[in-house]
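Working notes, structure below.
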Amino acid sequence: MEITVDRDLLADAVCWTARALPARPVSPVLACMRLDAGSGLTLSAFDYEVSARATLPVTDAGEGTALVSGRLLAEIVRSLPTRPAELATDGARMTLRCGTAMFTLLLLPDGDYPSLPDMPPLAGTAGSDTFAAAAGQVAVAAGKDGTLPALTGVRIEIDGDRLTLVATDRYRLAIRELRWNPVQPGMATTILVPARVLLDATRAATTAAEVSISLATPETGGSDGLAGFEAAGRRTTVRLLGGEFPRYRALVPSEFSGVAEVPVEPFAEAVKRVALVAERNTPIRLTFRDGGIQLEAGTGDEAQATESLEAGFTGEDGFQIAFNPHYLLDGLGAISSDMARIAVTDPAKPAVITGKAEGDPEYRYLLMPIRLAG
């Protein structure tokens, strides 16, 4: 193999592919990234659950394959000067030159690397910007506890030309609806994709107009339990999660006792300031009044903070509710509007945060309150 490639394209593709490398590989070969050179350069990573492939153009192409330490390669390409990068293999070594910098990397036998899964059949396409934004809005509510794998995923419900993305960690719930273009107009199925993988797969999609979504499930004529996402020369396949996802629809309130409208940026900054005195897992208290919101944190002998903010509110004057400030900030950061609507029913029931939009909003963030003592 002997190729020349743009340094920025190489660094971007290597770092994206490296995100699919396992943190604790069960075999040394799975810590490697495979480089296949021909008319272009294809980078691959695989851990038997997730595969990632990125293809980029090259000049002075020479065919060949190399298997190198993926994380080391990612660290190296991030540090390279802005000059064309030259890669060449010689026996069990690969040389990477860029400007006056040169690195020599040891190669593993490429025959030991497992075969990557084929892309499942195409199910449809979605606008890349819209789909990536939806994945980011919903994934903030996904759980991090590996003992509850179903809660670490994003549930994607397909119903004709409509997608519904849902995630929850039991303390908050995020829902986003969007349109897409299915191959079969009457398609109806549900899949559960690891949130981290979905974010990584869509992160590169925004450079293309559309992202292709592929599925191999019993409902789509397959039995592999596999999903695939492809756009802009980047391809990801992932084994779908199992387990039962919570029945979330019953949690969404249909009626509210009060609604506040508040500018997102000033409100988020006020939450950050007041939360400075909040200890770990200590809530921030919100008191709603006509014309404003009062934020408070800390009680008794602890450090305390208060701040008032102008806001519109219709409902019971003096209504008080408490939230985890970090979860509240996640919800505010996910809405795409510069105004937030906070709809409440009861201090012990979930509040719903949306952007200021007429009718049924496409994005809803349900946040469970924290009970106040007394």
Side-chain angles (χ1 to χ4, degrees), residues 1-119 196-197 200-201 203-205 207-208 212 228-238:
M1 178 175 72
E2 189 169 343
I3 60 172
T4 302
V5 60
D6 180 270
R7 178 266 180 201
D8 291 341
L9 291 179
L10 178 65
D12 186 52
V14 168
C15 292
W16 179 83
T17 306
R19 295 183 66 85
L21 294 169
R24 300 179 184 85
V26 296
S27 168
V29 74
L30 295 182
C32 291
M33 189 178 298
R34 180 181 169 121
L35 284 66
D36 292 287
S39 58
L41 176 63
T42 299
L43 311 167
S44 305
F46 185 40
D47 68 353
Y48 292 109
E49 297 290 331
V50 180
S51 76
R53 277 170 282 200
T55 301
L56 61 157
V58 299
T59 57
D60 301 330
E63 294 186 357
T65 299
L67 198 61
V68 301
S69 170
R71 299 198 186 281
L72 177 58
L73 181 62
E75 291 293 333
I76 290 172
V77 296
R78 270 196 290 260
S79 69
L80 294 177
T82 309
R83 299 285 299 278
E86 300 175 1
L87 289 82
T89 56
D90 182 11
R93 298 176 182 273
M94 183 180 78
T95 302
L96 192 164
R97 289 186 175 89
C98 188
T100 58
M102 185 181 78
F103 297 86
T104 301
L105 305 179
L106 298 180
L107 303 181
L108 271 70
D110 61 273
D112 296 341
Y113 201 70
S115 298
L116 273 66
D118 294 329
M119 201 68 168
R196 179 188 62 81
V197 177
D200 289 342
R203 183 174 281 112
T207 59
S212 299
F229 305 91
E230 184 172 11
R234 309 284 173 88
R235 174 184 293 189
T236 300
T237 65
V238 57

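All of these numbers come straight from a predicted model, not from anything done at the bench.
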- Donor-acceptor under 3.5 Å (Thr42 side chain, Thr55 main chain):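 Side chain of Thr42 to backbone of Thr55, a donor-acceptor pair under 3.5 Å: no, none is there.
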- Query: Looking only at atom types and distance, does a side-chain atom of Arg7 sit under 3.5 Å from a main-chain N or O of Arg78, one as donor and one as acceptor?
  - Reply: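 Yes, because the side chain of Arg7 sits within donor-acceptor range (under 3.5 Å) of the backbone of Arg78.
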- Query: In chain order, what residues pass the side-chain contact (heavy atoms from CB on, under 4.5 Å) check against Glu49, with sequence neighbours excluded?
  - Reply: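 By the side-chain contact (heavy atoms from CB on, under 4.5 Å) rule, Glu49 matches Asp47, Arg239.
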- Message: So that I can tick it off, tell me whether Arg234 and Asp200 are bridged by a salt bridge, with the cut-off set at under 4.0 angstrom between side-chain N and carboxylate O.
- Response: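 Between Arg234 and Asp200 there is no salt bridge, as every charged N stays at least 4.0 Å from the carboxylate O atoms.
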Nearest 0.5 angstrom please: [X] [atom1] to [Y] [atom2], how far?
X      : Y      : atom1 : atom2 : answer
Cys98  : Phe103 : SG    : CZ    : 9.0 Å
Met102 : Glu86  : CE    : CD    : 11.5 Å
Leu56  : Thr17  : CG    : OG1   : 9.0 Å

- Task: For atom CG of Asp118, decide whether the heavy atoms of other residues, nucleotides or ligands shown that lie under 6.0 angstrom number more than 12.
- Result: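 Counting other residues, nucleotides and ligands, CG of Asp118 stays at 12 neighbours or fewer.
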Can you name the closest pair of heavy atoms from [X] and [Y] and give their distance?
X      : Y     : answer
Leu107 : Gly91 : CD1-O, 3.8 Å
Val58  : Gly40 : CG2-CA, 4.0 Å
Thr89  : Ala66 : CG2-CB, 3.9 Å
Pro114 : Val29 : CD-CG1, 4.5 Å
Ser115 : Phe46 : O-CE2, 3.6 Å
Pro22  : Leu30 : CD-O, 3.3 Å

- Step by step, work out the side chain to side chain contact (heavy atoms under 4.5 Å, CB included) result for Leu41 and Leu10. CA-CA 9 Å; Leu41 176 63; Leu10 178 65; 4.0 Å; yes
Taking C-beta and beyond as the side chain, do [X] and [Y] meet within less than 4.5 Å on heavy atoms?
X     : Y      : result
Arg93 : Leu106 : yes
Val5  : Thr59  : no
Leu87 : Leu35  : yes

- Contacts of Arg71 that satisfy side-chain hydrogen bond (donor to acceptor under 3.5 Å, both in side chains) - sequence neighbours left out: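 side-chain hydrogen bond (donor to acceptor under 3.5 Å, both in side chains) check on Arg71 returns nothing, list empty.
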- Mind running side chain to side chain contact (heavy atoms under 4.5 Å, CB included) on Leu43 and Trp16 for me, showing each step along the way? CA-CA 10 Å; Leu43 311 167; Trp16 179 83; over 6 Å; no
- Query: Using a distance-only test with no angle check, is there a side-chain donor-acceptor pair under 3.5 angstrom linking Thr65 and Asp110?
  - Reply: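 No donor-acceptor contact under 3.5 Å links the two side chains.
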